[in-house]
Every structure is written in C-alpha cells, then in structure tokens.
Amino acid sequence: MSNQYTDGRVEKRESDTDNKNRLDSYTDVVNGYYDGATELYEYGWARSFHFSRFYKGEGFAASLARHEHYLAHNMSLRPGMRVLDVGCGVGGPAREIARFADVNVVGLNNNDFQIQRARRYTKQADLENQVSFVKGDFMKLVEQFGENSFDAVYAIEATVHAPTWEGVYGEILKVLKPGGVFGVYEWCMTDAWDPSNPKHKELAHAIEFGNGIPEMRPLAKAREALVNVGFTIEHEEDLADRPDEVTWYYPLEGDIFKAQTAWDYFTVWRMSWSGKLVTHTAIRLFELVGLIPKGTYEVGESLKVAADALVKGGQTKLFTPMYLAVSRKPAAAN
C-alpha cells in the first residue's frame, strides 16, 4: 500500500515485517539517513539538529541556543564535569553547552561523516581542549566507556533512533557515576495519540519514514523506560505543550511572514514551495555531477514528507520533539 501526495511523491506503507526489519537494523537505517541528510540539515536548519521553543521576536539561532542552555540549567551542569552527548550530530549543542556550563563534553556518534564535520567545526571554534568526539554505538556505551564514567549525560532528539528506550537508557544509567544526571529531549507521540486510530498511526509512520526513525513510541513509554531501568525522574515536561504564541514548528511551515527576525527570512523561505523547488533542483544537479554524496536527493525527498508530518503532528498535538526529562542515577546504585 502507498500514499500519494499532491506533488506526486509516493510514500510506501510498511508492513509489520518491514517495521521489525528496521528495528533490527537500526544502525544501518540511521547511518543511511544521516549520510544524505547532514548537509541538508546544515543548509536548511543549522549545526544544531533540533527544534526549540520561540519567544515573540526571538531569532532562530538564539532560540536553538536557549533550548540547549535550558537543558544544561535543568541538569545543574557545573564547571569541570565530564559530560557525554549521546547522538551528537555535528556537535552544535556540545560546543554551546561546553561554553555555557564550562564542562568537558564527549560527543558520541556512529556516523563517520558527521564526526569529521564535528571535529572540524570544533577546531574552528577553538574548543578542542574541551569538546571531543568518538565513534560508537549508543546501545553499547558500557563496552566503549566502562561503567561510572561520566558525571552527566544528555541526549537531544537522538535516542528516538534507538531500537528500544530501555536499551539505550539502561546503557546511559550504567556509564553514569552514582548520583549522576541524565537529561533528554525526546521525540514522542503524545498522550493524545491513539495507535488504534488509522490516521494517528499513519502520522507516526510518516514521521518515521521522513526522519529515518525505526519506530515512533508514545511519551508514556519514555517515562516508563526511564523508571524501569532504575532512574529517578526529578523533572519532566512536554515543552511543546506550552501555550506559546510562536510555535516550535513555524520554520517548517515555509511562511516568510512568520519569520521572527530579518535574519530568519532565508531559513523560513527554504521551507516554502519556491525554496523547496530551488533547493531540490540544485541538489539533483549537484548529486549528478558528484559535488554531494549519492543519495542526498532521495533523502531530501524524504525530508519533504518529514516536514509535512511534523507540522501536522505539532498542529494536532499528537507529536512532540521536546519531552524534557531530567533523571538521576541513585547514589547507591550497583
């Protein structure tokens, strides 16, 4: 079965077997997606691959930084702490949080292409003595770092790519020192999402398809997973549920009249119909002549599906990219 969009794009619906295969091969799914998506993310968004709340009149870059600062503040990060960034992208949040909290950050990523870019940008920022990057699998943290290795761990819109939340949260618990803190912005379907509703299920699948995600899960499962592996949740909130005048998803709508500052017009335009047309035509040309990685155009088409689905998820309050949970490992943990 498939969905056909008004612009001619066709999204094939996956069977339960297809979904199981994606969960079993999550590393390949994620790597294949980000090989093509990284440069598109940097061009169309920023070097911090996440969403954020907006105040009226707040610039796009300022909003991203504030979102990172808010996480660091709620985690009570302090100078000199050794902190792990799980799923660090090209290191935008790691560099920002290192500056903001004066901590030492180790960024973990399983994608070579992103690690190379993260190291280059960190060198340009003169933060090599404070921020480093390693290749690894966040389902095998203990194998790579050993137990009780970090004062704090955070993940920003990354652990949704894990085959199970219990698996990745359990690994995070083990590499934290006793009493250590874990902060996460998690992608979830909200409590209003009903998996028995075909339209709700279709929305979740569109988010999966467009963002290279093995499986979207409800918010309650994230909370349950944290508790099940042994964390004590100290603070939790769905930041997307706040009654903000400016929505978190507005940059995806492509309406330049919603841009909050003059600097943001170009960011918003890139998601408009004309911006998409120009961008994707250029991508196809660049890929044909070998200037960008093969497969980038195909990922770009997936991102169109993603944008539509994320906006719809935000408008209907069925999806959140910012369930914030700050949890602590018991001081006397084994």
Side-chain angles (χ1 to χ4, degrees), residues 48 50 67-89 91-110 115 118-119 122 127-187 221-237 322-334:
S48 290
H50 62 78
H67 200 62
E68 294 157 6
H69 296 173
Y70 189 73
L71 178 63
H73 170 73
N74 275 278
M75 292 174 66
S76 298
L77 297 186
R78 295 291 181 265
M81 279 185 167
R82 186 174 189 237
V83 180
L84 178 64
D85 179 337
V86 175
C88 63
R95 290 184 291 274
E96 187 65 37
I97 287 174
R99 290 191 189 100
F100 175 76
D102 196 21
V103 292
N104 299 305
V105 181
V106 177
L108 179 81
N109 196 321
N110 67 357
I115 290 173
R119 287 172 176 162
T122 301
L127 285 169
E128 289 178 294
N129 292 331
Q130 201 172 345
V131 182
S132 62
F133 301 94
V134 296
K135 183 175 182 179
D137 183 346
F138 56 31
M139 300 300 290
K140 300 177 181 178
L141 296 178
V142 176
E143 182 179 313
Q144 181 153 7
F145 299 109
E147 296 190 9
N148 307 321
S149 298
F150 293 94
D151 300 298
V153 179
Y154 68 84
I156 300 178
E157 302 184 21
T159 45
V160 67
H161 290 287
T164 68
W165 277 329
E166 281 85 356
V168 67
Y169 293 166
E171 287 289 303
I172 288 169
L173 182 84
K174 291 173 185 175
V175 298
L176 274 171
K177 296 176 182 178
V181 63
F182 171 47
V184 62
Y185 284 130
E186 194 64 83
W187 276 35
K221 290 290 186 182
R223 181 187 301 117
E224 180 181 290
L226 287 165
V227 174
N228 284 348
V229 302
F231 277 113
T232 299
I233 300 175
E234 296 185 337
H235 174 75
E236 62 172 324
E237 179 184 6
M322 51 187 76
Y323 166 57
L324 168 65
V326 177
S327 306
R328 193 166 300 277
K329 177 176 180 176
N334 293 325

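Hydrogens, waters and symmetry mates are skipped; everything else that's a heavy atom, side chains included, is used.
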Could you verify whether a donor N or O on one side chain and an acceptor N or O on the other, from Ser48 and Glu68, lie under 3.5 Å apart? yes
For Asn110 and Lys140, does a side-chain donor sit closer than 3.5 Å to a side-chain acceptor?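 Their side chains do not contain a donor-acceptor pair, so the 3.5 Å distance test is not met.
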Got [X] and [Y] here, is their nearest side-chain heavy-atom distance under 4.5 Å?
X: Leu324; Y: His67; value: no
X: His161; Y: Phe138; value: yes
X: Glu236; Y: Tyr323; value: yes
X: Tyr154; Y: Val105; value: yes
X: Asp85; Y: Ile97; value: no
X: Gln144; Y: Asp137; value: no
X: Thr164; Y: Met139; value: yes

With side chain to side chain contact (heavy atoms under 4.5 Å, CB included) as the test, would you mind laying out the steps for Glu96 and His69 before giving the verdict? CA-CA 8 Å; Glu96 187 65 37; His69 296 173; 2.8 Å; yes
Looking only at heavy atoms, which two atoms of [X] and [Y] are closest? And how far apart?
X: Gly89; Y: Asn109; result: O-ND2, 3.0 Å
X: Val153; Y: Met75; result: O-CE, 3.3 Å
X: Glu186; Y: Val160; result: OE2-N, 3.1 Å
X: Leu141; Y: Glu171; result: N-OE1, 2.7 Å
X: Leu226; Y: Ser327; result: CD1-OG, 3.8 Å
X: Leu176; Y: Lys329; result: O-NZ, 2.6 Å

Before accepting this row, confirm whether a basic side-chain N of the pair Arg82/Asp151 lies closer than 4.0 Å to the acidic partner's carboxylate O. no
Between the main-chain N or O of Phe133 and the side-chain N or O of Arg119, is there a donor-acceptor pair closer than 3.5 Å?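 Present.
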Mind checking the [atom1]-[atom2] spacing from [X] to [Y]? Nearest 0.5 Å is all I need.
X: Glu157; Y: His50; atom1: CD; atom2: NE2; value: 7.0 Å
X: Asn228; Y: Lys221; atom1: CG; atom2: NZ; value: 9.0 Å
X: Ser132; Y: Leu127; atom1: OG; atom2: CG; value: 11.5 Å
X: Arg223; Y: Ile233; atom1: CZ; atom2: CD1; value: 6.5 Å
X: Tyr70; Y: Met322; atom1: OH; atom2: CE; value: 11.5 Å
X: Gln130; Y: Asn104; atom1: CD; atom2: CG; value: 5.5 Å

In terms of the angle between their ring planes, are Phe145 and Phe150 parallel, tilted or perpendicular, with boundaries placed at 30° and 60°? perpendicular
Residues in side-chain hydrogen bond (donor to acceptor under 3.5 Å, both in side chains) contact with Glu128, at least two apart in sequence or another chain: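 With sequence neighbours excluded, Glu128 shows a side-chain hydrogen bond (donor to acceptor under 3.5 Å, both in side chains) to no residue whatsoever.
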Phe182-Phe231 aromatic ring centre distance below 6.0 Å: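 Centroid distance Phe182-Phe231: below 6.0 Å, so yes.
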Kindly check if the number of other-residue, nucleotide or ligand heavy atoms within 6.0 Å of NE2 (His235) is above 12?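 Atom NE2 in His235 is packed in, count exceeds 12.
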